[in-house]
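Everything quoted here is computed from the prediction, not taken from an experiment. All heavy atoms count here, side chains included; hydrogens, waters and symmetry mates do not. The first residue of the sequence shown is numbered 1, and numbering continues consecutively from there. Both ligands and their constituent atoms are indexed starting at 1 by order of listing.
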Amino acid sequence: MGQDQSSVFDLAAVAAASNGGNNDPLLPPARYIGAPQKPSKMPYNKYVAYDKQVPFDYPERTWPGKRLQRAPRWCSVDLRDGNQALVNPMDSERKLRFWNLLVSLGFKEIEVGFPSASETDYDFIRMLIERELIPDDVTIVVLTQAREHLIRKTYECLKGAKRAVVHFYNSVSVLQREVVFRKDKAGIKKLATDAATLCKELEGEAEGIDLYYEYSPESFTGTEPEYAVEVCNAVIDVIKPTPEHPMIINLPATVEMTTPNVFADQVEYMSNNLVPRDAVVLSLHPHNDEGMGVAATELAVLAGADRVEGCLLGNGERTGNVDLVTLGLNFLTQGIDPQIDYSNVPEIRKTVEYCNQLKISERHPYAGNFVFTAFSGSHQDAIKKGLEARQVAADRAGADLDSFVWLVPYLPIDPKDIGRTYEAIIRVNSQSGKGGMAYLLKTNHNLDLPKRLQVEFDKVVQAYADETKKEVKDEDIWRLFKDEYLPVEESGATAAGAVVGDSKDDSLEQWGRLKLLKVSVSSGEDGSDTVLKARILDRGVNVGVDEPVEREVSGMGNGPLAAFLNALSNFGIEASVMDYVEHTMSVGTDAMAASYVECQIGEEEDPRIVWGVGIDTSIVTSSLKAIISAINRSER
Ligand SMILES: CC(=O)SCCNC(=O)CCNC(=O)[C@H](O)C(C)(C)COP(=O)(O)OP(=O)(O)OC[C@H]1O[C@@H](n2cnc3c(N)ncnc32)[C@H](O)[C@@H]1OP(=O)(O)O
Ligand SMILES: CC(C)C(=O)C(=O)O
């Protein structure tokens with residue numbers, strides 16, 4: 001750094017003192033309700049806004065009016081940037097496993113390491129080359145600092161490769177020029193051009209390799225864009241790429257320090273000023289320090305970037321490199337082929353977690369355990385309705401459901417498309433409404449509860465959730481349901497669909513006064529009325545105390561339900577049916593039917609409205625069982 005130049009710290013201190021953080025106390029306060037916010041104790045005066053550090057404006061920008069239209073060229077840097085950020089860097093077994101995953105997903109460019117930095121990297125790259133593990137359509141990239149001995153070692157490592165990219169870099173940022181390199185702009189540019197010159201000289205040693213170059217003005221985001229252009233164009237001038245044999249200029253957000261729109265402006269500026277542009281593959285290497293890596297990348301692609309470097313599920317230095325899985329699947333949800341196969345995200349996650357020895361968060365986009373889970377009632381209700389509406393629309397269009405257009409509230413992507421399942425979508429806790437419970441009963445137990453029954457049973461589930469203060473699992477809901485509506489059934493025999501073969505549930509105490517043992521239905525003599533004869537076990541009003549008795553009763557009515565209610569008056573029970581719904585639960589000769597009845601039971605002055613449920617192979621028997629269920633519940 002020249003004597004006459006001020007230190008970045010002095011400049012920053014001046015900027016900070018003159019309101020460098022853009023904190024403007026004179027701005028009218030934001031609208032608010034209630035008490036005003038108070039100044040915090042946070043040391044914001046220590047920080048200088050990005051535009052005060054590296055002033056830049058680019059009114060010529062065109063990216064805001066553009067839309068994503070095709071996937072960029074992807075390059076995975078998991079085996080290099082990802083690996084350098086691990087507590088335990090990958091051994092060769094883990095590296096190979098990661099490599100195989102990347103190849104199988106369809107990556108055509110893979111940065112395989114920093115061969116001059118470690119023996120493990122060097123040996124791994126040698127192994128890939130010597131064992132001929134690099135498919136013809138995959139290009140390896142190797143990284144080196146712009147330093148002579150490291151570049152020489154890099155070339156040595158590449159011997160025998162068919163095709164490779166030598167990626168060299170040096171930091172060009174205002175801060176690093178001063179504190180790391182202690183060089184002025186010309187000195188830093190010379191680092192880069194010397195490295196480029198050396199690379200060209202060493203090409204003789206790379207005979208037989210189809211060689212390409214990549215240059216990164218590292219810490220690009222902390223660099224004046226005009227100066228970054230100057231350095232990159234100087235490097236391009238040495239390498240002399242052509243449209244037929246281009247070079248990569250890679251713009252790293254080594255540290256994310258601006259909002260994504262500013263990054264996009266910088267990238268568009270670079271794209272418009274690199275010469276010759278048609279000989280350059282303009283690449284991005286975003287990190288995620290401010291949590292905006294994906295947003296910044298998408299805007300920068302609009303701004304003209306051709307290529308993106310990142311890591312699967314966002315591993316990498318500090319907060320990570322940009323997450324290629326999220327990016328790719330964001331493209332998919334915009335109707336754009338990501339050109340990488342992310343159809344089995346759980347498998348990708350498993351391998352990535354194994355190789356990196358780091359866990360993915362529960363909320364990680366697309367891959368986290370909870371991302372296809374709705375806990376709150378209104379979300380569950382909307383998802384359930386959305387899935388049903390989509391099914392109806394697909395049936396109407398005669399379309400295959402799996403490929404039918406995806407529009408479901410709260411779910412931006414069909415979980416099936418990325419190897420996830422619907423089962424995990426709906427989970428029930430005390431925040432859930434009836435929708436979640438109804439969805440689980442329908443999906444897992446083939447029971448499509450009428451709305452008012454959902455409301456009734458939801459109170460049972462809600463009470464259980466409030467009491468246990470835990471998630472209510474599907475098996476809990478099913479136990480609660482059986483206990484509430486199917487108490488005197490041999491539970492194994494009652495169930496259908498997912499629960500066929502479920503043995504009798506010994507964990508449930510059987511309760512309920514009446515049990516239907518046998519029934520026969522015939523027409524009356526004049527053919528108008530139905531005559532019903534039933535054998536019923538009566539455990540008495542005090543079940544467990546009274547002696548159970550079996551009774552034969554009969555009744556008449558204008559249908560089996562009416563005849564049965566008439567027969568039940570023999571037990572002193574007054575009941576009438578207010579609503580009745582039935583459906584089959586499965587197909588085939590042994591198909592089960594479910595019946596739901598809403599009954600009014602008891603004296604007219606003091607009636608009780610109760611739902612009952614019955615399940616049986618006979619639709620008539622299931623409806624009678626539903627009446628018994630309602631009566632038992634009314635006496636419980
Ligand atoms: C942003 C990124 O992710 S870049 C990739 C980072 N990855 C790595 O660094 C891989 C792991 N690194 C290493 O193993 C080591 O740093 C090595 C082997 C590359 C180099 O090791 P060493 O030679 O011992 O040096 P060290 O890492 O301390 O480097 C510091 C020196 O390199 C210089 N330097 C750092 N980066 C560069 C660069 N890109 N170009 C030229 N010189 C550089 C520094 O100015 C410093 O020089 P000085 O010693 O004259 O002050
Ligand atoms: C070497 C470069 C591309 C890098 O890893 C970074 O800047 O983050």
query = More than 12 foreign heavy atoms under 6.0 Å from CD of Gln37: is that the case here?
reply = no
Ranked by distance from atom 5 (O) of ligand 2, the top protein heavy atom is Arg80 NH2, 2.8 Å
Notebook entry, point to check: Are Arg177 and Tyr227 in a cation-pi setup, meaning NZ or CZ lies under 6.0 angstrom from the ring centre and within 45 degrees of the ring axis?
Noted result: yes
Atom 4 (C) of ligand 2: closest protein heavy atom, distance to 0.1 Å, is His285 NE2, 3.4 Å
Report yes or no: is the cationic atom of Arg163 (NZ for Lys, CZ for Arg) under 6.0 Å from the centre of the six-membered ring of Tyr212, at an angle within 45° of the ring normal?
no
Under 4.0 Å between heavy atoms, the region of Glu218 that gets near ligand 1 turns out to be side chain
Going by the 4.0 angstrom heavy-atom rule, the piece of His287 near ligand 2 is side chain
For Tyr169, the ligand 1 atoms with a heavy-atom partner under 4.0 Å come out as 4 (S), 5 (C), 6 (C), 38 (C), 39 (N), 40 (N)
task: Hey, can you tell me if Phe56 and Tyr58 have their rings parallel, tilted or perpendicular (30° and 60° cut-offs)?
output: parallel
In ligand 1, the atoms that come under 4.0 Å of a heavy atom of Ala117 are 10 (C), 11 (C), 13 (C), 14 (O), 18 (C)
If you compare His287, Gln176, Gln145, His167 by their heavy atoms, the one closest to atom 16 (O) of ligand 1 turns out to be Gln145
Note: ligand 1 atoms sitting under 4.0 Å from heavy atoms of Arg80 are 3 (O), 5 (C)
At under 4.0 Å between heavy atoms, what of Asp81 touches ligand 2? The answer is side chain
At under 4.0 Å between heavy atoms, what of Asn250 touches ligand 2? The answer is side chain
Can the ring centres of Phe370 and Phe375 be said to be less than 6.0 Å apart? yes
Ligand 2 to Glu218, heavy atom cutoff 4.0 Å, flagged ligand atoms 7 (O)
closest protein heavy atom to atom 7 (O) of ligand 2 is Thr254 OG1, 2.5 Å
Ranking Arg147, Gln84, His149 by closest non-hydrogen atom to atom 41 (C) of ligand 1, top hit is Arg147
